[in-house]
Amino acid sequence: MSATTHTRHTTHTTTVPQATTDAPATVPTSGTASGRPASNGRRPVEMLKRRWPTALAVALVILTTADGSGELADTVGAFGDALPLLPLLYVIIHQVGNPRVTWPVLGAGVATMVALGAQDVLSQPVALVAIALAVLVWGAVRGTPHGRATFGVQAAGAFVFGALALVGLAVDPDLGRYLVAAGWFFHGVWDFVHLKLDKVVARSFAEWCGVVDVLIAVHLLFLL
């Protein structure tokens, strides 16, 4: 009888702890996907793009008032002459009923001011107030695209600002500067209210005009 030798193979399973190879994910510490710091150089550019009406207004006022060598009466007269143009623009744009015409209407208004200044028959503020009254009568007869309430507000604005300009030009310049400055300042408030409500005129114009108005009022009150 042959002996059968049974060889038993014992399999030993050795468990080797697995090394942790997962590295922690790199989280970018700034606004870029690569983790590099975002450039701050674009922020002023982006801000300028958003606030270009304010930048344009500041530049215009600096260019207009930089000389500072004019007499008080001349300066008050110049800004008093221009004051009625502001509510006139609102009245015209209100009647057109489309804020997109705001800047073209401003260009036409400036051209009208230049034409009026080139003649000696009719003073600028009187002519502008007369145009505003004509447009208001047209609105009262024809109707208004924004309703009677808004039309009444624009009519009141034209009356108040026109009156401040005419009275400010008629009195002594020492008193007139305060009346004209009040007209410019409160029209600046008028602009910012329209900017907030987003009514009648283009938002860019409301921002631009509001900054111009307030800076001119400051110039009349404190820098002359």
Do Leu60 and Leu56 pass the side chain to side chain contact (heavy atoms under 4.5 Å, CB included) test, and can you show the C-alpha distance, the side-chain angles, and the key distance before you say yes or no? CA-CA 6 Å; Leu60 177 64; Leu56 182 62; 5.6 Å; no
Show, in sequence, the C-alpha distance, side-chain angles and deciding distance for His219 and Val61, and conclude whether the side chain to side chain contact (heavy atoms under 4.5 Å, CB included) test is met. CA-CA 9 Å; His219 175 72; Val61 173; 5.7 Å; no
Check the pair Leu83, Leu86 against side chain to side chain contact (heavy atoms under 4.5 Å, CB included), reporting the backbone distance first and the verdict last. CA-CA 6 Å; Leu83 178 57; Leu86 307 178; 3.8 Å; yes
* To do: Please report the C-alpha distance between Val193 and Lys199 in whole Å, then the side-chain angles of each, then the deciding distance to 0.1 Å, and finally whether the side chain to side chain contact (heavy atoms under 4.5 Å, CB included) criterion is met.
  => CA-CA 9 Å; Val193 170; Lys199 285 188 174 181; over 6 Å; no
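Residue pairs meeting the side-chain hydrogen bond (donor to acceptor under 3.5 Å, both in side chains) criterion with at least one partner in residues 97-106, sequence neighbours excluded, are Asn98-Arg100, Trp103-Ser204.
In terms of heavy-atom proximity, Leu116 sits nearest to Gln124 at CB-CG, 3.7 Å. Closest heavy-atom contact between Gly109 and Leu85: CA-CD1, 3.8 Å. Taking each heavy atom of Val91 and Ala132 in turn, the nearest pair found is CG1-O, 4.3 Å. Between Pro145 and His94 the shortest heavy-atom distance is CG-O, 3.1 Å. Taking all atoms of both residues into account, the shortest heavy-atom contact from Leu122 to Ala127 is CD2-CB, 3.5 Å. Minimum heavy-atom separation, Ala158 to Pro87: CA-CB, 3.6 Å.
Relative ring orientation between His187 and Trp190 is described as parallel, the plane-to-plane angle staying below 30° on a 0-90° scale split at 30° and 60°. Between Trp184 and Phe79, the ring planes are perpendicular. Angles over 60° get that label, and only those under 30° would be called parallel.
Taking the side chain as every heavy atom from C-beta outward, Phe205 and Val105 never approach each other to under 4.5 Å.
Shown here is Phe159, whose CZ atom has no more than 12 heavy atoms of other residues, nucleotides or ligands within 6.0 Å.
Not one N or O on the side chain of Glu71 forms a donor-acceptor pair closer than 3.5 Å with the backbone of Ala73. Gln95 places no side-chain N or O within 3.5 Å of a backbone atom of Tyr90 that could act as its donor or acceptor partner.
The cluster map of Ile, Leu, Val, Met, Phe, Trp and Tyr, joined by side-chain heavy atoms under 4.5 Å apart, puts Val137 and Phe151 in different clusters. Transitive grouping of hydrophobic side chains (ILVMFWY, heavy atoms separated by less than 4.5 Å) keeps Val141 and Val135 in distinct clusters. Residues Leu63 and Leu215 do not share a hydrophobic cluster, defined by chaining ILVMFWY side chains whose heavy atoms lie under 4.5 Å apart.
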Report all side-chain donor-acceptor pairs from residues 167-182 shorter than 3.5 Å, counting only partners two or more places apart or in another chain.
residue : atom : partner : partner atom : Å
Asp172  : OD2  : Asp174  : N            : 2.9
Arg177  : NE   : Leu220  : O            : 3.1
Arg177  : NH2  : Leu220  : O            : 2.8

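The CZ atom of Phe192 sits 13.5 Å away from atom CG of Leu197, with the distance rounded to the nearest 0.5 Å. Atoms CG and SG, from Leu106 and Cys209 in turn, are 8.0 Å apart once rounded to the nearest 0.5 Å. Taken to the nearest 0.5 Å, the CG atom of Leu221 stands 12.0 Å off from the CD1 atom of Ile216. The distance from atom OG1 of Thr150 to atom NE2 of His194, rounded to the nearest 0.5 Å, is 8.0 Å. Rounded to the nearest 0.5 Å, atoms CG (Leu88) and OG1 (Thr112) are 8.0 Å apart. Taken to the nearest 0.5 Å, the CE atom of Met113 stands 6.0 Å off from the CG atom of Asp81.
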